Structures are given as structure tokens and as C-alpha cells.
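First up is the structure itself, then whatever we jot down about it.
As the structure is a computational prediction, the values presented were derived from the model and not from experiment. Below, read A as the first sequence line, B as the second, and so on, with proteins coming before strands; counting in each chain starts at 1. Computed over heavy atoms, backbone and side chain alike; hydrogens, waters and symmetry mates excluded.
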Protein chains: 2
Amino acid sequence: MKTPSSSIQDYLKAIYELAEECAPEPVTTSLLADRLGLARPSVTGMLQKMASTKPGLVEYLRYQGVRLTPAGEKVALEVIRHHRLIESYLSEALDFPWDEVNHEADQLEHVISEALEDRIAQKLGYPELDPHGQPIPARDGTINKRQEIRLSELPEGSVAVVCRVSDQDPAILRYLDQIGLRLSTPIEVTDRGPFDGPLHVRVAEEPTTHALGRSVTDRVYVLQAEEASRSSTNG
Amino acid sequence: MKTPSSSIQDYLKAIYELAEECAPEPVTTSLLADRLGLARPSVTGMLQKMASTKPGLVEYLRYQGVRLTPAGEKVALEVIRHHRLIESYLSEALDFPWDEVNHEADQLEHVISEALEDRIAQKLGYPELDPHGQPIPARDGTINKRQEIRLSELPEGSVAVVCRVSDQDPAILRYLDQIGLRLSTPIEVTDRGPFDGPLHVRVAEEPTTHALGRSVTDRVYVLQAEEASRSSTNG
DNA sequence: TCCATAAGTTAGGTAAGACTAATAATGGAA
DNA sequence: TTCCATTATTAGTCTTACCTAACTTATGGA
């Protein structure tokens, strides 16, 4: 199969990530448009084109959305592998801060060769997690999923360890870094307001608590007690 | 000034390199088409577009060719800086062989950010030469030119040091590597046939000589005695 | 000097991939 | 069950950068 064009790769990646994050299956046209920063009709057009000219990658359901086929998911995971390896490399080898690597990797992921990817993976010692704790798919398209839950779903009083943070919003990443909430950091939910109000979280050894809104707590994933001990985090 | 599109950057770079290599000023449409792997009418069209929509970058002379203005040359040198820094990084940090870095860098040079370029330059210790001995332009667009001459212009019997090799043809680079002709290698012209026949060259300490055709000797640059001592080569 | 050939340009077309404005389907509330 | 707001799609353009075929200019021998 010929390598799909850069634009199609972006669509596949976005579909995969949205499906994983919010799971309104099938993934909706406007959600995709928002994520990609495109007008909705552009997305409709592209989805129809993908469904007709690359049969077998996506399943497009008129007025409902789009779903990846196993083949489409494999392509998406290849792109994501590139992306996360590049993020890791930028962070490890070139000291990029974790809020900048996503943007940079978005550009690089489409032009990197397999040979370069191999060298990078080798130099890094074949890492399994990127700088945000996101699992790096293997070359064969398999990916390790852990028993992580969203910080927003953590019950009051419970203690857990941060294991993964969405890399989408640099501002959030900068904020998390600033309050000391990084990968492997143990945290405690000291207070959840009613419904989906802000969560009060105490970080590691520090005395102060921070009130975190939904935009943050939905993008931070944690491992609870037992699960945490089974898995070690690395960049 | 907005960053010229990737395609325009390729044209500017190619114009600069062709002018430097062969100097039929102005650079001819078909030379450009060959270098870029495009049909001639495509090049004509692009040159006209550049001349009209980006005035000040190139001077286009109908039926004659194209020349860079100082501003156009500056943009070209920025692209070339990206390219050569990337080549250097791939070679130094990721152990890429010198015949592969050009191709890889062609892809990467358009998507690398200034921030990433800076990190790379810093990690490498601000190198002045790329893996082929080509000077890396400074950020302000200045470039160091040495008193190099083509191997094909070296008189019979003279001894010189290889200081630069064109990175355009991977096969030539592999061949040179194979016969031991690398940067800083001293060589001697043992015999030049009549006119532009093959040059017989002896490499460093080795006894055997090699007959090199014009396609090679025009792409290898050397420094003679005095000049060689003024300049040291590094990757 | 003339003309064949090489080199360059014009004309017209295609493919991606995006956009806006207008139209149609969907689904929740009254 | 009807209606309306939301969401999705169609229709029609635009831009970029390429292509081929046909035509034009330039050039260097006879």
C-alpha cells in the first residue's frame, strides 16, 4: 500500500486520538474539524474522499461520523509512533521542554524516514513511553494500554500517581509543570466539589492544594495503588 | 517577510547551488528543471510567479534564465544552513553515512523550527562545515568561502588535500568512501590524460591509483599546499 | 544567410486540499 | 408530533504546483 499523504495521516491520527479520548463512536465531523483546525465542510469532503479512494482505512457513516478499520488504525499507530518517538528524542537528546515537543513533532512526523526513526529509537534505548507518559506503539502497530483512569474520575481522598498527560495544550503542560505535577508524581484528591466543579489536589510532599478545572483533570491520567506499582514511568 | 513556501525555498536553494557550481549566469531554466526533477514548463511558470509575486528575491530574464538578488541569496542561505546543519547532526549524532544525509535533510529542512536548529547547532558546537566539507552559513546569511579548486583542475603531479565533495550523488559518495577518498585525505594526481579524459589519482598512503572521470573530478574540491595548512576540516 | 535543432514559453488541464454560502438531516424540547 | 437549533452535507470557488502538447525564440553550422 502506498503511504497515505500527509494530510490523510493527520486525519487518521486525529480520528484515533479522539476515539481514544472521548469515545463518541463514531468520531464526529465537527470534533475532527476542531481538532484539525479546519472548516467542517473540508472534513466532510476529506472523509468522503478517504472512504472512496482508500477503501479499507475508514468507515464513513453519513451524518454520523467516521470510524477506523483495523487497517486504518494500523496506519494511525504508525504515525503516532513517529510522533511519540520524535517527542521523546527532542526531549531526551535535545532538551526540549515538554510543552513544545508536540508542535515540533507534528511537523517532523510526516517527513521522517524509517531509517531515521530506527536510529532514534535505538539511541533512546527503545523507549516505551513518550515525555507525556503516552505509550509508543511498536513497529508492528501494537500498543500497550495500562489501567489508567482520568484524574477527574478519582474519588475524593484517594491517592494515585500521575502516569500520563495529554500533549495537546502547551499552556496546560506549562501549568502542570509549574505546580510540580509531573510524571510519576504522587497526588491526593483532597476535595471534590459537587458535580464537575474543580478538584482540589495536593501534589507530592507539598502543603498547598490546587483547584483544577475539568479541562485539566480530564487530560491527566493516573494509576491507583496496585496498578502504579506494576509500572514504572520513564521518558 | 513571510517565509516562502517550501517549494519556493527549493527553487532558491537550487538556483544558488547551480550558480555556485557551474556559473552559467543567469541560471538556465532546464538546468533548474533537471536539478529539481521537474518539467521545464513548470520551472518557467514558477520563476515567473516568483518574479512577480515575490519581487526582490529573483531577477528573471525571459529566455535567458534567473539570478538571485541579495535578498534571494539570503533566503537561499538560510535554507542551506538548515540543510547542512541537519546533515551534520544526522552524521554526528545519529551515525548516518554521508551518502544518505542529503536525501534525509532535503525532507527535514523545510519543517525544522529555528528553536530546533539552534539546539542542533549548539549540540554540535557550532560547526562550520557539514559532513561533505561544505561551509555552513551563519545565521546572518554570511558564508565562508575558501580558496578551493576542483580536482579536475589540479595539474598533473600536484598534491592536495580533499576539502569538499558535492553531496548530490549518493553513488559517487559511496564510491569515494570505498576508495578511501574522504575529507582531509591528501591525494596526488599521478597522470592526467589528454583533454578531459580520466584523471589518475593516488590516495594518501595507498599504492594503487584510481582513474576518475569528469563526473567525479568536477564534484571533488581540494586545497593546495598553502591553503590546506590554513584550514582544518571537521564534520 | 538560412535553417534545423535545442531551449524556452504559452495554453490548457489535473489533483490536492482548503474555503464560504446555502441546503438538508437529526434529535431534543415543547 | 411538530419545530427549531445544531450538526452535517452539497455546491461552487480558490490556490498551489505540477503536467503535456503546441508554439516561439535563439543559436550555431553549412
Rounded to the nearest 0.5 Å, how far does CD of B:Glu78 lie from CZ of B:Arg81? 9.5 Å
Without decimals, in angstroms, what is the distance between [X] [atom1] and [N] [atom2]?
| X | N | atom1 | atom2 | result |
| --- | --- | --- | --- | --- |
| A:Leu61 | D:dT9 | CG | C1' | 15 Å |
| B:Asp34 | C:dA6 | CG | C1' | 13 Å |
| B:Leu36 | D:dA17 | CG | P | 13 Å |

Distance test, side-chain N/O of A:Gln48 to OP1/OP2 of D:dT10, below 4.0 Å: yes
Would you indicate, yes or no, if D:dA26 has its OP1 or OP2 atom less than 4.0 angstrom from a side-chain nitrogen or oxygen of B:Arg62? no
What pairs of nitrogen or oxygen atoms, one from the protein and one from nucleotides 2-7 of chain D, lie under 3.5 Å apart?
none

Polar atom pairs (N or O), protein with nucleotides 12-18 of chain C, under 3.5 Å:
{"from": "C:dG17", "atom 1": "OP1", "to": "A:Ser5", "atom 2": "OG", "distance (Å)": "2.7"}
{"from": "C:dG17", "atom 1": "OP2", "to": "A:Lys49", "atom 2": "NZ", "distance (Å)": "3.4"}
{"from": "C:dA18", "atom 1": "OP2", "to": "A:Tyr11", "atom 2": "OH", "distance (Å)": "3.4"}

Does the side chain of B:Ser152 come under 3.5 Å of the side chain of B:Asp218 through a donor N or O and an acceptor N or O? yes
Parallel, tilted or perpendicular: rings of B:Tyr89 and A:Tyr89 (30°, 60°): perpendicular
B:Tyr221 ring centre to B:Arg164 NZ or CZ under 6.0 Å, with the angle to the axis within 45°? yes
List in chain and number order the residues that pass side chain to side chain donor-acceptor pair (under 3.5 Å) with B:Asp118, two or more places apart in sequence or in another chain; answer none if no residue qualifies. B:Arg139
Residues B:Arg67, B:Glu73: salt bridge by 4.0 Å N-O rule: no
Please examine the side chains of A:Glu104 and A:Phe96, heavy atoms only from C-beta on, and report whether any two atoms are closer than 4.5 Å. yes
With A:Glu109, which of A:Gln9, A:His82, A:His83, A:Arg84 fulfils side chain to side chain donor-acceptor pair (under 3.5 Å)? A:His83
